[in-house]
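Nothing fancy with the numbering, it's 1 onward along the sequence.
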Amino acid sequence: MKLIAFIGYPLSGKSTAGKIAESLGIPVVIMGDIVREEVRKRGLELNDENAGKIANELREKEGMDAIARRCIPRIREKGKKGIVVVDGIRGVAEVERFKKEFGDDFILIAIESDIKNRFDRALRRKRDDDVKSIDELKERDRREESWGMKEAFDMADLTIENNSDFETFRSKVEAVLKSILKSIDVIIETRVYPTEDEEKVVKAIKNFFPDAEISIEDDVLRARAKNINHFRELLRMQKILDTARNEMLKSVSGNEITILLNKQTATVSRINFVEEDAILSPIKITFRLYGIQPERLIDYLAPETRDGRPVKELKESELFE
Ligand SMILES: Nc1ncnc2c1ncn2[C@@H]1O[C@H](COP(=O)(O)OP(=O)(O)OP(=O)(O)O)[C@@H](O)[C@H]1O
């Protein structure tokens, strides 16, 4: 499952982005709910002062990532549909906790908004606890920075600007969320034996997926890629669409397609499907799909053929529409 979080200075538009996500049917876990529930559980009156106190107490007793940790079971429960937004990240410890728990499936989106725009919004919103002057807002920015907000902001995977009107913001957030909702992650894994040349194996992976981000640890190479078009091109050049189609059709499991490829031929850009290889570990490639039917990806990568030619070619835009 994918976990998305928005981070930004006060009044930048984080909750608004969460509401836009909700309007697309994406479940949202609100970190503040954890605090509010704790306030209620202790029989205290539910107000900002008590919420602040309890939040600080939880962080003091259980660590700066206390609230993030308590959110995880709820996120997993709501994440059965494949995607969840978590609203309310404040500090770097929370970002690190989610990164540790969800790895590359955690996507941090920064919302950038000028102080002047944020202050104008405070004046318009008039919530009791909203700032009354720009100096007060600067003070709040500093308080959030003391929790590591700036470091967290700098760790974001992407940034959305919110310095214009609401409709502009909505369309930007929707576009980003839709691209995450309908997406393909290529997850690659293979063993690198001490007798093998590490560089050669890395090259083999890049031959298929040039955008792969690769790491090697304890003799295991792991990589992630997004772009499948070079691989698709190779299937055509090698004229192995039928084989590829059959291999992939029999390897569908839920929202994943997993294939095994020969590592040695990969070093010369040749795609060879293999069963489990006893001597050299094959390259295991998993296409993990979000919002896309596996059969549709197979139609895109390796369409049915007649007389050696594709019966119908899908465009990339049709894959994601
Ligand atoms: N582009 C925009 N145009 C007009 N109003 C906006 C825009 N973006 C946000 N707002 C308004 O600004 C206010 C602050 O937005 P929001 O509550 O989403 O910010 P936040 O980052 O969650 O704030 P906080 O850190 O204080 O919780 C809200 O009243 C929201 O409706």
Side-chain angles (χ1 to χ4, degrees), residues 2 82-83 104-105 175-191 196 199-214 221-321:
K2 292 227 187 261
I83 190 160
D104 289 339
D105 290 325
V176 166
L177 291 175
K178 281 183 182 162
S179 75
I180 298 170
L181 272 173
K182 281 202 173 227
S183 65
I184 303 166
D185 282 347
V186 186
I187 302 156
I188 304 153
E189 200 183 299
T190 189
R191 275 197 162 278
E196 281 180 291
E199 253 176 59
K200 239 178 157 179
V201 183
V202 167
K203 187 173 171 283
I205 307 294
K206 293 258 184 194
N207 281 343
F208 293 161
F209 301 98
D211 69 327
E213 283 183 24
I214 301 174
L221 176 151
R222 289 194 174 83
R224 286 249 180 177
K226 276 276 174 210
N227 197 329
I228 54 173
N229 287 328
H230 188 66
F231 186 73
R232 179 177 185 262
E233 198 53 40
L234 289 175
L235 292 173
R236 276 157 186 70
M237 271 159 49
Q238 283 181 228
K239 300 191 177 7
I240 53 168
L241 292 180
D242 291 344
T243 313
R245 186 175 177 83
N246 289 336
E247 287 292 335
M248 286 195 273
L249 279 172
K250 70 178 193 205
S251 323
V252 174
S253 168
N255 69 330
E256 292 185 351
I257 303 170
T258 301
I259 52 172
L260 298 173
L261 300 179
N262 183 304
K263 201 196 292 171
Q264 270 167 330
T265 55
T267 60
V268 289
S269 286
R270 274 202 79 81
I271 300 171
N272 256 335
F273 291 86
V274 289
E275 302 297 322
E276 281 293 337
D277 184 337
I279 307 159
L280 274 186
S281 147
I283 302 172
K284 182 170 155 194
I285 297 174
T286 302
F287 298 96
R288 186 174 292 161
L289 307 173
Y290 298 91
I292 297 169
Q293 289 299 320
E295 291 71 19
R296 195 139 181 97
L297 175 66
I298 297 172
D299 283 343
Y300 177 69
L301 286 175
E304 229 175 291
T305 64
R306 198 166 301 137
D307 305 324
R309 284 181 194 204
V311 176
K312 183 179 181 295
E313 286 277 27
L314 272 188
K315 289 201 198 81
E316 191 172 11
S317 58
E318 290 175 297
L319 179 63
F320 292 103
E321 83 191 0

Side chain proximity check, Phe320 to Ile292, heavy atoms < 4.5 angstrom
yes
Taking Asp211 for its side chain and Ala225 for its backbone only, find out whether a donor-acceptor pair lies under 3.5 Å.
no
Would you mind listing every salt bridge (charged side-chain N to carboxylate O under 4.0 Å, His left out) that reaches into residues 226-239, with sequence neighbours excluded?
Asp185-Lys226, Arg232-Glu313, Arg236-Glu313
Name all residues meeting the ring pair (Phe, Tyr, Trp, His ring centres under 6.0 Å) criterion together with Phe208; count only those two or more places apart in sequence or in a different chain, and write none if there are none.
Phe231
With a 6.0 Å cut-off (strictly less than), is the heavy-atom count around NZ of Lys206, excluding the residue itself, greater than 12?
yes
Between Ile257 and Pro294, what is the shortest heavy-atom contact and its length?
CD1-O, 3.8 Å
Closest non-hydrogen atoms of Ile271 and Leu261, given as atom of the first, atom of the second and distance, are CG2-CD2, 3.8 Å
Could you list all the side chain to side chain donor-acceptor pair (under 3.5 Å) pairs where at least one residue sits in residues 291-301, not counting sequence neighbours?
Asn229-Tyr300, Arg245-Asp299
Holding to salt bridge (Lys or Arg N to Asp or Glu O under 4.0 Å), I want the full list of residues that pass it with Arg191, two or more places apart in sequence or in another chain.
none
Run the side-chain contact (heavy atoms from CB on, under 4.5 Å) test against Lys178 and tell me which residues pass, sequence neighbours left out.
Leu24, Glu174
Check whether more than 12 heavy atoms from other residues, nucleotides or ligands sit under 6.0 Å from atom CD of Glu196, and answer yes or no.
yes
Could you tell me which residues satisfy salt bridge (Lys or Arg N to Asp or Glu O under 4.0 Å) with Glu256, sequence neighbours excluded, listed by chain and number?
Arg288
Is there a donor-acceptor contact under 3.5 Å from the side chain of Asp307 to the main chain of Arg309?
no
Thr258 and Thr286: side chain donor to acceptor below 3.5 Å
yes
